[in-house]
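Quick notes on the structure that follows.
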Amino acid sequence: MKEARAAAVLARVRTIPEGYVTTYGDVSPGAPRFAGAVLSDCDDPDVPWQRVVRADGSLAKGERQRRLLEREGVPFRGARVDMREAWAPPQG
DNA sequence: CGGATGACGCAGT
DNA sequence: TACTGCGCCATCC
């Protein structure tokens with residue numbers, strides 16, 4: 001059932017602590033593009049989609065997303081997230 | 001069942 | 001370090 005993979009992705013996204021971020025590859029190993037499709041379709045307010053960024057720290061939703069992250073205290077390095085400091089693997 | 005699509009990732013240049 | 005092109009994999013049509 002396709003919902004299972006989507007649910008797994010969402011479950012991991014919910015584990016990302018405030019002030020930290022993770023990557024698409026982390027929430028959906030082997031199929032990072034799938035993670036994006038799920039978040040794009042998901043509108044659940046309990047899912048902190050803004051904490052999911054690209055592996056290089058760049059954002060998918062641009063300034064809109066950047067604002068939310070800075071508000072949570074996520075460190076930035078120019079236009080991208082400072083992965084060195086803000087990266088946190090799913091489920092701890 | 002074949003082909004196109006995408007909130008990606010990585011190696012090369 | 002920034003830009004470009006190709007590969008991957010689950011879905012969708």
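Quick note: numbers below take in every heavy atom, side chains included, and nothing from hydrogens, waters or symmetry partners. A note on names: the letters A, B, ... follow the listed sequences, proteins ahead of strands, and every chain is numbered from 1.
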Let me have the donor-acceptor pairs involving side chains of residues 11-25 of chain A, under 3.5 Å, with sequence neighbours excluded, atom names and distances please.
residue: A:R12; atom: NH1; partner: A:V27; partner atom: O; Å: 3.0
residue: A:T15; atom: OG1; partner: A:R12; partner atom: O; Å: 2.6
residue: A:T15; atom: OG1; partner: A:Q91; partner atom: N; Å: 3.0
residue: A:T22; atom: OG1; partner: A:D26; partner atom: OD2; Å: 3.1
residue: A:T22; atom: OG1; partner: A:A88; partner atom: O; Å: 3.4
residue: A:T23; atom: OG1; partner: A:G25; partner atom: N; Å: 3.4
residue: A:T23; atom: OG1; partner: A:D26; partner atom: N; Å: 3.2
residue: A:T23; atom: OG1; partner: A:D26; partner atom: OD2; Å: 3.0

- [ ] Using the test salt bridge (Lys or Arg N to Asp or Glu O under 4.0 Å), find all partners of A:R84 that sit at least two apart in sequence or belong to another chain.
- [x] A:D82
TODO: Report the residues that fulfil side chain to side chain donor-acceptor pair (under 3.5 Å) with A:E85, sequence neighbours left out, ordered by chain and then residue number.
DONE: none
Open item on the list: With salt bridge (Lys or Arg N to Asp or Glu O under 4.0 Å) as the rule and sequence neighbours excluded, what pairs involving residues 60-70 of chain A come up?
Closed with: A:R66-A:E70
Identify every side-chain donor-acceptor pair in residues 40-47 of chain A under 3.5 Å, counting partners at least two apart or on other chains, and give the distances.
residue: A:D44; atom: OD1; partner: A:D46; partner atom: N; Å: 2.7

Task: Pairs touching residues 48-57 of chain A that satisfy side chain to side chain donor-acceptor pair (under 3.5 Å), sequence neighbours left out - done: A:Q50-A:E72, A:R51-A:E72, A:D56-A:S58
Review item, nucleotides 11-13 of chain B N/O atoms under 3.5 Å of protein N/O:
none

Task: A:L69 side chain reached by A:F76 side chain, heavy atoms, under 4.5 Å - done: yes
Open item on the list: For A:A86 versus A:V81, what's the shortest heavy-atom pair and its separation?
Closed with: CB-CG1, 3.7 Å
Task: Smallest separation among heavy atoms of A:P32 and A:G30, with atom names - done: CD-C, 3.6 Å
Between [N] ([atom2]) and [X] ([atom1]): distance, integer Å:
X: A:L39; N: B:dA7; atom1: CG; atom2: C1'; result: 7 Å
X: A:W87; N: B:dG9; atom1: CH2; atom2: P; result: 13 Å
X: A:L69; N: B:dA7; atom1: CG; atom2: C1'; result: 13 Å

- [ ] Output the residues of residues 11-19 of chain A in contact with DNA chain B, where contact means a heavy atom of the residue under 4.0 Å from an atom of the strand; sort by number or write none.
- [x] none
Task: Contact list for DNA chain B against residues 49-63 of chain A - heavy-atom distance below 4.0 Å - done: A:W49, A:R54, A:A55, A:A60
Is there any protein nitrogen or oxygen under 3.5 Å from a nitrogen or oxygen in nucleotides 1-11 of chain C, and what are the pairs?
residue: C:dC9; atom: O4'; partner: A:G30; partner atom: O; Å: 3.4

